[in-house]
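Take a look at the structure set out below.
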Amino acid sequence: MDDVAKSADDPARLARFEARVAREDKVEPNDWMPDAYRRTLIRQISQHGHSEIVGMLPEGNWLTRAPTLRRKAILLAKVQDEAGHGLYLYAAAETLGISREELVEQLLTGAAKYSSIFNYPTLTWADVGAIGWLVDGAAIMNQIPLCRCSYGPYARAMIRICKEESFHQRQGFEIMLTLCRGTDEQKAMAQDALDRWWWPSLMMFGPHDSDSPHTDNSTRWKIKRVTNDELRQRFIDATVPQSSYLGLTIPDPKLRFDEKTGHWRTGEIDWAEFRRVIAGDGPCNRERLADRQAAHDDGEWVREAALAYGEKRRQQPAPFESALHAFSG
Ligand code: BYC
């Protein structure tokens with residue numbers, strides 16, 4: 001039995017809700033919604049927000065070692081964008097009734113997931129290029145359809161996020177192009193980064209549709225517009241020609257172009273690796289959570305100062321009242 005069938009929601013209300021979603025009306029925070037719809041959105045939006053926050057770490061690793069001032073300024077802007085994406089997404093999740101404190105706690109205790117992709121190391125500068133090209137490229141492919149998600153606050157947050165992701169993807173491709181047009185050593189570094197990031201990027205789209213427990217409900221409610229396998233295929237079809245343009249080789253001996261369908265076909269993804277990484281046993285899971293915890297602890301004085309400032313402002317009379325007070329006094 002799926003979540004909808006198990007739902008204790010009033011059937012008439014549920015039918016009205018589903019008709020509304022079918023008409024493409026946006027669902028807003030104060031509207032009635034089935035519990036399972038709310039839970040799915042909190043799960044997906046918070047996992048997405050956590051991914052943006054943890055996603056700052058692998059690239060942040062190269063901020064102090066970027067090869068030029070220009071590269072450093074660009075990378076700094078990109079990492080800041082990701083912090084902003086995390087905050088828009090946390091704000092969107094908060095409209096569904098979960099607090100920021102709960103969200104942060106779920107991330108830090110490991111109770112909530114974030115994307116598997118961020119549990120891999122960034123060993124060379126070329127990894128920053130590969131992340132932009134492949135990881136942000138996969139993110140855009142997955143997120144453009146989310147701009148039409150049925151839940152208004154998530155859909156609106158995604159519009160701005162996608163515009164910024166598109167800049168991120170281009171800067172990554174441009175790093176790869178520069179390396180591929182450079183020395184043999186630089187090109188080898190770009191190939192090595194592609195070798196290590198290709199398969200994890202394909203895993204970003206999630207399990208095959210046949211193994212994806214959430215796809216049916218999410219598609220029915222227009223949270224997901226396109227399935228995991230369809231999006232993965234779109235990404236592969238867009239990326240294989242880009243890799244040829246760079247003069248790089250996709251690390252998959254089974255990769256072939258299927259003339260009949262017009263799609264690139266890959267070998268099988270290592271799903272055992274995917275399951276290991278999302279269960280917390282990837283190459284960098286522990287390091288990422290420890291770094292995130294340290295950043296959270298280091299930021300405690302900022303949170304305390306912001307709260308104290310907010311409290312002080314609350315105790316002060318509003319500007320209009322104090323002007324009135326001065327006038328009458
Ligand atoms: N990693 O039924 P399914 C970014 C989980 S981009 C970890 O298909 P759903 C960024 C899934 O959560 C990355 N877990 O689920 C880019 C579920 O577990 P639970 C983030 C994964 O939700 C560049 C289970 O597997 N993007 O942030 O229908 C720079 C079954 O899966 C993964 C988003 O989050 C994975 N790769 O579909 C910086 C986009 N894949 O909850 C930052 C929004 C699956 O049952 N999210 N799982 O324990 C989505 O589009 C969907 O949630 C997914 C999964 C396609 C990811």
Side-chain angles (χ1 to χ4, degrees), residues 2-3 36 39-60 75 78-86 88-90 92-93 106-107 110-120 122 127-128 130-149 151 154-155 157-158 161-162 164-169 171-172 197 199-221 223-232 235 269 271 273-282 285 288:
D2 67 9
D3 269 350
R39 280 199 307 276
T40 292
L41 279 168
I42 292 179
R43 181 186 61 78
Q44 178 167 328
I45 301 173
S46 62
Q47 286 175 0
H48 192 170
H50 299 326
S51 305
E52 298 281 355
I53 298 296
V54 177
M56 290 191 279
L57 295 170
E59 292 168 288
L75 185 58
K78 176 180 195 278
V79 171
Q80 283 177 345
D81 283 352
E82 276 146 18
H85 298 174
Y88 315 147
L89 290 163
Y90 281 170
Q106 286 179 0
L107 171 61
K113 289 198 172 86
Y114 57 86
S115 181
S116 51
I117 192 77
F118 299 118
N119 292 307
Y120 291 86
T122 39
D127 289 13
V128 174
I131 290 180
W133 173 38
L134 301 172
V135 176
D136 289 276
I140 298 173
M141 209 49 103
N142 164 280
Q143 293 172 12
I144 293 272
L146 292 174
C147 298
R148 292 188 298 119
C149 161
Y151 188 57
Y154 191 26
M158 290 318 302
I161 292 178
C162 285
E164 292 176 350
E165 296 290 10
S166 149
F167 152 73
H168 295 174
Q169 196 271 350
Q171 70 85 39
W197 289 93
W199 291 105
S201 299
L202 299 191
M203 292 175 197
M204 280 177 74
F205 296 92
H208 281 313
D209 296 348
S210 52
D211 299 322
S212 161
H214 302 299
T215 291
D216 283 352
N217 276 351
S218 292
T219 310
R220 164 190 184 130
W221 283 330
I223 295 170
K224 260 177 150 169
R225 297 276 181 165
V226 187
T227 70
N228 299 0
D229 284 329
E230 285 173 71
L231 287 170
R232 189 172 10 248
F235 172 73
I269 291 169
W271 293 112
E273 175 179 324
F274 173 73
R275 282 192 295 275
R276 235 181 2 258
V277 174
I278 67 173
D281 203 17
N285 295 58
R288 297 286 183 249

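All values reported here derive from a predicted model rather than from experimental measurement. Basis for what follows: all heavy atoms, side chains included, without hydrogens, waters or symmetry-related copies. Both ligands and their constituent atoms are indexed starting at 1 by order of listing.
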Numbering as shown, the atoms of ligand 1 that approach Phe205 to under 4.0 Å (heavy-atom distance): 55 (C)
Proximity of Asn228 to ligand 1 by residue part, where a heavy atom lies under 4.0 Å: side chain
Close side-chain approach of Asp127 and Glu59, heavy atoms under 4.5 Å: no
Phe118 and ligand 1 - part of the residue with a heavy-atom distance under 4.0 Å: side chain
Residue, atom name and distance, where the atom is the protein heavy atom closest to atom 47 (N) of ligand 1: Phe274 CZ, 4.1 Å
Part of Arg43 within contact of ligand 1 (heavy atoms, under 4.0 Å): side chain
Worked verdict on Gln169 versus Trp133 for side chain to side chain contact (heavy atoms under 4.5 Å, CB included): CA-CA 5 Å; Gln169 196 271 350; Trp133 173 38; 3.6 Å; yes
Identity and distance of the protein heavy atom lying nearest atom 40 (N) of ligand 1: Gly206 CA, 3.2 Å
N/O donor-acceptor pair under 3.5 Å between Ser166 side chain and Cys162 backbone: no
Enumerated ligand 1 atoms positioned under 4.0 Å from heavy atoms of Met203: 36 (N)
Which residue and heavy atom of the protein sit nearest atom 1 (N) of ligand 1, plus the separation: Ser116 N, 2.9 Å
Backbone of Phe118 reached by a side-chain donor or acceptor of Arg288 within 3.5 Å: yes
Non-hydrogen atoms of Gln44 and Leu146 that approach each other most closely: NE2-CD2, 3.6 Å
Protein heavy-atom partner closest to atom 29 (C) of ligand 1 - residue, atom, separation in Å: Glu82 OE2, 3.2 Å
Proximity to ligand 1 by part of Ser51, non-hydrogen separation under 4.0 Å: both
Which segment of Glu52 sits under 4.0 Å of ligand 1 when only heavy atoms are counted: both
Donor + acceptor pair across side chains of Gln143, His48 (<3.5 Å): yes
Residue, atom name and distance, where the atom is the protein heavy atom closest to atom 49 (C) of ligand 1: Gln44 NE2, 3.5 Å
Considering all heavy atoms, the nearest Ala155-Cys149 contact: CB-O, 3.5 Å
Shortest protein contact, atom 13 (C) of ligand 1 (heavy atom only): Ser115 CB, 3.6 Å
Subset of ligand 1 atoms that lie under 4.0 Å from at least one heavy atom of Tyr154: 43 (C)
N-O pairing of Lys78 and Asp81 below 4.0 Å: no
Atom 16 (C) of ligand 1: any protein heavy atom closer than 4.0 Å: yes
Numbering as shown, the atoms of ligand 1 that approach Ser212 to under 4.0 Å (heavy-atom distance): 2 (O), 3 (P), 8 (O)
Whether Trp271 and Phe274 hold their rings parallel, tilted or perpendicular, with breakpoints at 30° and 60°: perpendicular
Location of contacts on Pro207 toward ligand 1, heavy atoms closer than 4.0 Å: side chain
Contact with ligand 1 for Gln143, non-hydrogen, under 4.0 angstrom: yes
Option set Asn142, Leu57, Asp216, criterion heavy-atom distance to atom 55 (C) of ligand 1, minimum: Asn142
Nearest non-hydrogen protein atom, atom 28 (O) of ligand 1: Lys224 NZ, 2.6 Å
Ligand 1 atoms in contact with Gln47 (distance to a heavy atom under 4.0 Å): 12 (O), 41 (O)
N or O pair under 3.5 Å between Glu165 and ligand 1: no
Side chain, backbone, both or neither: Tyr114 near ligand 1, heavy atoms under 4.0 Å: backbone
Where ligand 1 meets Ile278 - atom numbers and elements under 4.0 angstrom, heavy-atom basis: 1 (N), 7 (C), 14 (N)
Atom indices of ligand 1 within 4.0 angstrom of Ala139 heavy atoms, with elements: 6 (S), 16 (C)
Polar side-chain atom of Arg232 near backbone of Gly206 as donor-acceptor pair, under 3.5 Å: yes
Main-chain N/O of Phe205 paired to Asn228 side chain as donor or acceptor, under 3.5 Å: yes
Distance, nearest 0.5 Å, that separates NZ of Lys113 from CD1 of Ile278: 4.5 Å
Minimal non-hydrogen separation, Ile117 against Trp197, with atom names: O-CZ3, 3.7 Å
Arg276 side, atom CZ; Asn285 side, atom CG - distance, nearest 0.5 Å: 11.0 Å
Closest approach of any protein heavy atom to atom 5 (C) of ligand 1, naming residue and atom: Lys113 CD, 4.2 Å
Distance-only polar pair, side chains of His168 and Glu165, donor-acceptor under 3.5 Å: yes
